[in-house]
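Heads up: the structure comes next, in structure tokens.
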Amino acid sequence: MLHAIDKLFPVRYLVFLVCALGSLAGLYALHTSGRVSAWLVLLPAALLGLYDLLQTRRSVLRNYPVIGHLRFMLETIRPELRQYFLESDTEATPFSRAQRSLVYQRAKGEPDKRPFGTQLDVHAQGYEWINHSVAPSRIASHDFRVTIGADTAQPYRASVFNISAMSFGALSARAILALNQGAQRGGFAHDTGEGSISTHHRVHGGDLIWEIGSGYFGCRNTNGSFNDEKFAANARDPQVKMIELKLSQGAKPGHGGVLPGPKVTSEIAAARGVPVGVDCISPAAHSAFATPLEMMQFIARLRELSGGKPTGFKLCIGHPWEWFAMVKAMQASDITPDFIVVDGAEGGTGASPLEFTDHVGSPLQEGLLLVHNTLRGAGLRERIKIGCAGKVISAFDISRLMALGADWCNSARGFMFALGCIQAQHCHTGHCPTGVTTQDPRRQQALVVPDKAERVYQFHQQTLKALKEMVQAAGLQHPGEIGAHHIVRRGNDHKVQSLAQLLLSQLPDGALLAPDLQALPAVYRTWSQASAASFRLQPA
């Protein structure tokens, strides 16, 4: 009953309605009797609510006229009170608040400078910094790029900072429109997520990375298996720049997922190629291949069907020997992906079992290091580019991850903040207060596409400008030149060391071609038991 009432007239408008009706009653009394009614005191609030509904900059106020101002009032009082009134339990740390504030400032084009120095304890264990040079460099442009698939028919010059995978269905139509318009203006890539390419992805023509998940949405047969013709029809669209085969995502690796039938609207069904109103299932594993060798052959097949576009895969590292099996399959078949995206367990999702969110999958640092060093040890690193994702927000985040081996970074959370996300954590309920993650058309109206597209663009631009300044301060010409020796950490024993000194798992080129297993870091002890023919660990 309450849900039906809310659909007819949203309860969040109740205060505005009371103010509006009270104001009308006061004005009527003034007109008919000439007396000033007490109801007239509500007139300013009613006018404020009307302004809230018509303005385009703040999604919260469009969805919550009048009462939404309480949130912004709390933002003006002291940080100690903000901690208790505005932050969720899972995000109540100074670092996460600083990250979100940084994105908001950059997305709005506001100065991101601040007084009184660092807000972090520079003497704390785990504190990190990048060393600077006494001879800073000068760089002409902040438009840092990396070429992916140099040997393919259609290589892609990607920005070093792009939008990570978020599907239409998980995000609203207006959020997809704003993200893609911002990406088009800034010349960076927008990953579709496994929900495939919707009509909203195509409106503004921004570069797309098409993610192919285990449900093969957008390229599936009625039984859920892969369909070559449907894939080729989508993949050869000039707007699609790269093909990304998703093995797992950091937030819920090995889990799969179900979009309940009632949430499968006609638009979502059309994008995914599934029936309207029927449960949409993403299996935990792929059906197009069962072994590492078959996986490499499938990647080659996708590359050919796409017309020679860069093709790779995304994974969150789990069992090391399964990753080693993929590398051995690359060696045995001489088929290599053009890129690999490493997703960290710290990455987010709209809904995931708590245990998977907190305790399944490798964090980004460990996963990225294993992928980078294994490819070096196998002599394949020069043939494969590496992207990464997992709470990447600032220019220092990008610098640090490129020092660990990444060629570029993706961000989901940062661009959601740029859209106006306030981390209300109602993504799975359909009641997102800012219109970012809801399919409710009335709640989506709060998100004004041109305004939020500008913020997406500004966040990308300002972050890369900050990255340029950091690279210049280090005396370098490109963030790809940042190495582990540039980043320094104060360890748990208060010993100060560079990441190059701390990361003992680094392998020299070719170390796995004729390995001395006893001399390798412990994580590589299962290398000899990995097989290109199976994902299973072989007997020693």
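For clarity, every value in this text was computed on a predicted model and none was experimentally measured.
Contact of the Val436 side chain with the Met416 side chain is registered, since non-hydrogen atoms from C-beta on lie closer than 4.5 Å.
Between Trp527 and Phe324, the angle of the ring planes goes over 60°, which puts this pair in the perpendicular group of the 30/60° scheme.
Between Met296 and Met326, the shortest heavy-atom contact is CE-O, 3.8 Å. The heavy-atom pair separating Ala532 from Ala332 by the smallest distance is CB-CB, 4.3 Å. The two residues Phe161 and Ile393 make their nearest non-hydrogen contact at CZ-O, 4.4 Å. Val240 and Lys309 get closest at one heavy-atom pair: O-NZ, 2.6 Å. Residues Glu194 and Glu211 come closest through the heavy atom pair N-OE2, 3.0 Å.
Taking the centre of each ring, Tyr156 and Phe339 stay at or above the 6.0 Å mark. Under the 6.0 Å cut-off for aromatic ring centres, Phe298 and Phe226 qualify, their centroids lying closer than that.
Side chains of Arg157 and Thr147: a donor-acceptor N/O pair is present below 3.5 angstrom, by distance only. There is no side-chain donor-acceptor pair under 3.5 Å between His319 and Thr526. Between the side chains of His190 and Asn180, at least one donor N or O sits under 3.5 Å from an acceptor N or O.
Atom CG of Asp397 is separated from atom NZ of Lys391 by 11.0 Å, given to the nearest 0.5 angstrom.
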**Report entry** Criterion salt bridge (charged side-chain N to carboxylate O under 4.0 Å, His left out) on Asp407 and Arg381, from CA distance to verdict
**Finding:** CA-CA 11 Å; Asp407 293 298; Arg381 183 63 181 89; 2.9 Å; yes
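Between the side chain of Gln239 and the main chain of Gly206, a donor-acceptor pair closer than 3.5 Å is present.
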